[in-house]
There are 2 protein chains.
Amino acid sequence: MNSAANALLTTDEPAETGAQQIRDAIRDAIVERRLSPGTKLSESDVGNLFNVSRTLARAALQALSYEGLVSVEKNRGAFVAYPSPDEARQIFAARRLIEPGILREAAARITTSEIQHLRQLLLEESRLISERGQTARRAEIKASGDFHLTLAAISGNTIMQRFMEELVARSSLVIALYGQSTISSCGHNEHGDIVSAIEAKDLDHACHLMVHHIAHIEADLDLRERKGQGLKEAFDL
Amino acid sequence: MNSAANALLTTDEPAETGAQQIRDAIRDAIVERRLSPGTKLSESDVGNLFNVSRTLARAALQALSYEGLVSVEKNRGAFVAYPSPDEARQIFAARRLIEPGILREAAARITTSEIQHLRQLLLEESRLISERGQTARRAEIKASGDFHLTLAAISGNTIMQRFMEELVARSSLVIALYGQSTISSCGHNEHGDIVSAIEAKDLDHACHLMVHHIAHIEADLDLRERKGQGLKEAFDL
DNA sequence: GCGCAAATAATCGTATACAATTTGACCGCT
DNA sequence: AGCGGTCAAATTGTATACGATTATTTGCGC
């Protein structure tokens, strides 16, 4: 979840129960890549970090495991998910399958003010790209996902929106692991092209662009098995 | 989850931690309609029922809330989900969006033995339809969903498979609430037609049949607001 | 020095205990 | 009788406690 998508479609429930706050905080940390895949998330550590008991820490980690962002191994603990190349392929296959449909739904209902909102996002995004510094990089990662999430929000289907949130978050993990170029949104302004196609009411073209956009992101990955960040490979490479 | 889909694609983790067993038990009860929408699921009651502490009961309910099968209201408790008509529409919209894609993926990878497996399912399904008695009805409900879940399993994408599991389960809730005819699979053997189309490698036709099949299920619903519980929805909607 | 077993430490799984919140009831008042 | 307020019961939110499992280290024999 993010402020941009929230601005459009939110089921205001201001009272967040502790565990949810922790979950959101950790999720943000994972998506923004302040937590590397494979990092151990001990219940006690998480609890101490947020000044809550293990009960709440556990609940938060449990929640994140349902979203596929952390994997909990019985009697061993929770770790930031370390998606396998196969998992990565499935994530992008799912996005190719889902996003054109979302795009069509969104285009059918989109209002002029929502188009404006999208353009605003694009502006912000390109601003971040030109900026330098780690915080800008993190904001850029988030902004890049926000575009897809906002489209899902516009589609009006909260279920698909949630699916997309999961897929975008996990995509960030995959890119962190297997991405080659510094950032996925490399040069081409593909998001902008999609908005233009929507505006021109050329749905087929918009879907075409979307599918290729996802393919481009995936093409930037080097999906070869990394042995659990092995100490062996780290040296004989 | 179900035995049929499991038979095809399962990541055997034999050790199920208490909470998961409870979650599965409750989920089955909801999907098979032994628990009505809106039923209160108190943590203590659930715990006593399964002879575990509230901790595990709570974890199970929490898990089910992530799947949309129970709704937990802060400081009030957990209830079997009571999907609104709008939610119901979104569920079926999501299925129409997703299932054709899954079908295409599945058809591309399907083996002859898997086709045989599907036919077996259809046979079982029609056998249950002819049988009478409540246990047969429940088995029929499950079998009807198993067809869609098995297709998802064949598609080979575990992520989409999980999405489908959620959607099928929630569909069962919706049908329990808003269904008119006794059972959704009314007369027409639509599942069988889809398998035939897959076998004939006529993907476009298969997708067409699938979309209509979902539409038929939805058409059997009477999606009008029931003032059963939602005092909030009854007014602010 | 090297492997292997036992003790030790760390961490998770589950239960119980206590605090906070909500709900419903009782009781006096108008 | 109807209304409002206060209190008690029930239920959830969170923390702590203890047993079980896994990882690590120690110590011994070779």
Side-chain angles (χ1 to χ4, degrees), chain A residues 12-26 35-82 227-232, chain B residues 12-26 35-82 228-235:
Chain A
D12 257 336
E13 284 176 10
E16 265 193 343
T17 173
Q20 285 171 311
Q21 283 178 252
I22 297 170
R23 164 173 63 83
D24 292 345
I26 297 179
L35 280 171
S36 301
T39 302
K40 166 137 192 166
L41 300 172
S42 139
E43 296 178 355
S44 316
D45 290 353
V46 172
N48 290 345
L49 188 55
F50 291 93
N51 289 103
V52 296
S53 74
R54 266 184 56 216
T55 307
L56 290 192
R58 184 183 180 82
L61 293 172
Q62 193 75 12
L64 288 168
S65 92
Y66 291 126
E67 305 177 28
L69 289 182
V70 319
S71 70
V72 299
E73 299 177 28
K74 186 176 160 69
N75 274 315
R76 282 194 23 89
F79 306 81
V80 178
Y82 196 102
K227 297 284 185 182
Q229 58 220 27
L231 298 177
K232 320 182 258 294
Chain B
D12 256 336
E13 284 176 9
E16 265 194 343
T17 172
Q20 284 171 310
Q21 283 178 253
I22 297 171
R23 163 174 63 85
D24 292 345
I26 297 179
L35 280 171
S36 302
T39 302
K40 165 137 197 178
L41 300 172
S42 139
E43 295 179 357
S44 316
D45 291 353
V46 172
N48 291 343
L49 187 55
F50 290 94
N51 290 103
V52 295
S53 74
R54 266 184 56 216
T55 307
L56 291 191
R58 185 183 180 82
L61 294 172
Q62 193 75 11
L64 288 168
S65 93
Y66 292 125
E67 306 178 26
L69 290 182
V70 320
S71 70
V72 300
E73 299 177 27
K74 186 175 160 68
N75 275 314
R76 286 201 13 93
F79 305 83
V80 178
Y82 195 102
Q229 46 137 34
L231 295 178
K232 330 178 248 310
E233 293 87 358
F235 285 89

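Each chain gets a letter, A, B and so on, in the order the sequences are listed, and its residues count up from 1.
Among the nucleotides dT12(D), dG13(C), dT16(D), the one closest to any side-chain atom of Ser53(A) is dT16(D). The side chain of Val52(A) has dA15(D) as its nearest neighbour among dG13(C), dA15(D), dC12(C). Of the candidate nucleotides dT11(C), dG13(D), dT14(C), dG13(D) has the atom nearest to the side chain of Arg54(B).
Atom CG of Leu61(A) is separated from atom C1' of dG13(C) by 14 Å (rounded to the nearest Å). One atom, CG of Asn51(A), and another, P of dG13(D), lie 21 Å apart when rounded to the nearest Å. In this structure, CD of Glu73(A) is placed 17 Å from P of dT21(D), rounded to the nearest angstrom. For the pair Asn75(B) CG and dA9(D) C1', the computed distance is 16 Å after rounding to whole Å. As a whole-Å value, the separation of Leu56(B) CG from dG19(D) P is 17 Å. If you measure from atom NZ of Lys40(B) to atom C1' of dA10(D), you get 9 Å, rounded to the nearest angstrom. The CD-P distance, from Gln21(A) to dT14(D), rounds to 9 Å in whole Å. One atom, CZ of Phe50(A), and another, P of dT14(D), lie 15 Å apart when rounded to the nearest Å.
Contacts of Ser42(B) with the nucleic acid, taken as non-hydrogen atoms under 4.0 Å apart, involve only primed sugar atoms and P, OP1 or OP2.
Within the structure, every side-chain polar atom (N or O) of Arg76(B) is placed at least 4.0 Å from both OP1 and OP2 of dT11(D).
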Step by step, would you call Leu69(B) with Val80(B) a side-chain contact (heavy atoms from CB on, under 4.5 Å)? CA-CA 6 Å; Leu69(B) 290 182; Val80(B) 178; over 6 Å; no
Could you walk me through whether Asp45(B) and Leu49(B) pass the side-chain contact (heavy atoms from CB on, under 4.5 Å) check? CA-CA 6 Å; Asp45(B) 291 353; Leu49(B) 187 55; over 6 Å; no
Do Ile26(B) and Phe50(B) pass the side-chain contact (heavy atoms from CB on, under 4.5 Å) test, and can you show the C-alpha distance, the side-chain angles, and the key distance before you say yes or no? CA-CA 10 Å; Ile26(B) 297 179; Phe50(B) 290 94; 4.2 Å; yes
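For the atom pair OH (Tyr82(B)) and OG (Ser36(B)), the distance works out to 10.0 Å, reported to the nearest 0.5 Å.
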